[in-house]
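Structure first, then comments.
Below, read A as the first sequence line, B as the second, and so on, with proteins coming before strands; counting in each chain starts at 1.
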Number of protein chains: 2
Amino acid sequence: MTDAPGDAWGDTRARVEQAALDLFTLKGFEQVIIDDVAAAAGISRRTFFRYFATKADAVWGDFGTHVARLERLLADTDPAEPVLASVCAAYVEVNDYAEADLPLLRERMQLILTEPALLAHSQLRYADVDRVVAEHVARRTGTTPAALVPRLVAASTRAAATTAFQMWLADEGSSLTVQLHQTLDEMARGFPTLRP
Amino acid sequence: MTDAPGDAWGDTRARVEQAALDLFTLKGFEQVIIDDVAAAAGISRRTFFRYFATKADAVWGDFGTHVARLERLLADTDPAEPVLASVCAAYVEVNDYAEADLPLLRERMQLILTEPALLAHSQLRYADVDRVVAEHVARRTGTTPAALVPRLVAASTRAAATTAFQMWLADEGSSLTVQLHQTLDEMARGFPTLRP
DNA sequence: TTGCCCCTGGCACCGGGTGTCACTAACGTC
DNA sequence: GACGTTAGTGACACCCGGTGCCAGGGGCAA
């Protein structure tokens, strides 16, 4: 999905995405209409929908690549490693962003986790992530992705990861990697903090 | 929210809800337009939106009452009981439906968990549940609802409960209570099934 | 009867999303 | 240089979910 440098299509898409992100952050997702984004990006309303299937999709960047990377990370894990640990490690690693990319990520996640329409939409995107994780766990445990444990691991780890993102957003100075590690650990170990 | 018997408003609302549920199940959520539901219920399109704020809301019944009941159950838990256990128990109890209500619940949940638009919408409804659970955990642990553990417990238990519902839907003959118990336990105990 | 209130339907409108068509700027071919 | 092809674009009409507004109509009390 990432295009060669100088590619007009990818350039335009990036420009539209930037315009959308800026406007959404500035005025709120619901308050911005497609015509605003299109105008800011110098294209027509119709063309906007050629780059993004929905208004919400303009916020997600190349999330498909992200999911594909997670899938690869999971496939490459050491079979000797405990399944749950492998999933947690992959979650941490796939979210190991370069310092320079963090501000953009923060802007994206801030929108996704606070704007109701985007929060709802996120469920559809995360379904892919769940599928990938459940398939991995099923492979490792000799069951099917529809079995309890694969489904549960996928749902729980995603819940923990989302919580980690919320904590990261709330604390400007914190490290996303640390937050993910801490949150996934707390859950995977059965909430040691709460034990008497 | 439940109205006195003979109440015309509550009767109409129930009739619209039934019509919506039937049509959605029969033809699929996206394939049914509001005019179809309105016609089937003998009202106008405009009136539909006086009973339900959105198309999706017609599927949820009196979910607000449900959340309120969960809140009460959590408030009434024994302070000596471990926090996580109290949340799991409350989740199980609030979903302890009468035998006669199970078919309707199954129809609702089938729609919510399989129709993309409804799955997305569910995130907004569940936000209330998360808030209630996080507040409970915060109270019990002397922190705030925005702290890591309250948020994480809310997110994880909901993930587990959702998984339990999926398993229940997939197995026609199973018990929802048993599924919830099993799934919440598996997660709360740190996934004993996966331990070497 | 009159006035009030609530429920209702009709209508116009907004905004996200789609299908269709016509235009234009590349580009290679003869 | 004329030609057909192709991809990207904009304009337009349309669908559908959702809302604001106003006009009726039935019950009910004074």
(Q) Whether the side chain of B/Arg13 engages the backbone of B/Tyr51 through a donor-acceptor N/O pair (distance < 3.5 Å, no angle test) should be reported. (A)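 A pair under 3.5 Å: yes.
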
Q) Sub-3.5 Å donor-acceptor pair from the side chain of B/Thr183 to the main-chain atoms of B/Leu180, do we have one? A)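 Pair absent, no side-chain N/O of B/Thr183 close to backbone of B/Leu180.
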
Using whole Å, report how far [atom1] of [X] lies from [atom2] of [N].
{"X": "B/Ile43", "N": "C/dG9", "atom1": "CD1", "atom2": "C1'", "value": "11 Å"}
{"X": "B/Phe48", "N": "D/dG18", "atom1": "CZ", "atom2": "C1'", "value": "11 Å"}
{"X": "A/Arg50", "N": "C/dG17", "atom1": "CZ", "atom2": "P", "value": "15 Å"}
{"X": "B/Leu118", "N": "D/dG17", "atom1": "CG", "atom2": "C1'", "value": "14 Å"}
{"X": "B/Arg45", "N": "C/dG9", "atom1": "CZ", "atom2": "P", "value": "13 Å"}
{"X": "B/Phe49", "N": "C/dA12", "atom1": "CZ", "atom2": "P", "value": "18 Å"}
{"X": "A/Asp57", "N": "C/dG17", "atom1": "CG", "atom2": "C1'", "value": "12 Å"}
{"X": "B/Ile33", "N": "D/dC15", "atom1": "CD1", "atom2": "P", "value": "10 Å"}

Q. Base, sugar-phosphate, or nothing: which does B/Val32 touch, judged by heavy atoms less than 4.0 Å apart?
A.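 Touches sugar-phosphate only.
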
Q: Consider the side chain of A/Ser44, meaning its heavy atoms from C-beta on, and name the nucleotide among D/dT9, D/dG10, C/dT8 that approaches it most closely.
A: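 Of the options given, the side chain of A/Ser44 lies nearest D/dG10.
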
(Q) On the side chain of A/Arg46, is there an atom forming a donor-acceptor pair with the base of C/dG17 - under 3.5 Å, no angle test? (A)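 Per atom types, no contact qualifies.
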
Q.
Can you tell me if A/Tyr51 touches the phosphate of D/dG8, counting only side-chain N or O atoms and a distance under 4.0 Å to OP1 or OP2?
A.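 Negative; the distance criterion is not met.
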
Q: Could you tell me whether the phosphate oxygens of D/dG10, OP1 or OP2, come under 4.0 Å of any side-chain nitrogen or oxygen in A/Thr47?
A: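 So the side-chain polar atoms of A/Thr47 do come within 4.0 Å of the phosphate oxygens OP1 or OP2 of D/dG10, strictly under.
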
(Q) With a 4.5 Å cut-off on side-chain heavy-atom distances among I, L, V, M, F, W and Y, is there a chain of contacts connecting A/Leu124 to A/Ile112? (A)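 No: no chain of side-chain contacts under 4.5 Å links A/Leu124 to A/Ile112.
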
Q) Side-chain heavy atoms under 4.5 angstrom apart, residues restricted to Ile, Leu, Val, Met, Phe, Trp, Tyr: same cluster for A/Val37 and A/Ile33? A)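 No; tracing contacts between hydrophobic side chains, which count when under 4.5 Å, never links both residues.
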
Q.
Between B/Glu81 and B/Arg140 (salt bridge meaning N to carboxylate O under 4.0 Å), is one present in this structure?
A.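 Salt bridge absent between B/Glu81 and B/Arg140.
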
Q: Let me know, please, whether B/Gly42 or A/Lys55 comes out on the 5' side of the other along DNA chain C by nearest nucleotide.
A: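 Closest to the 5' end, via its nearest nucleotide, is B/Gly42.
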
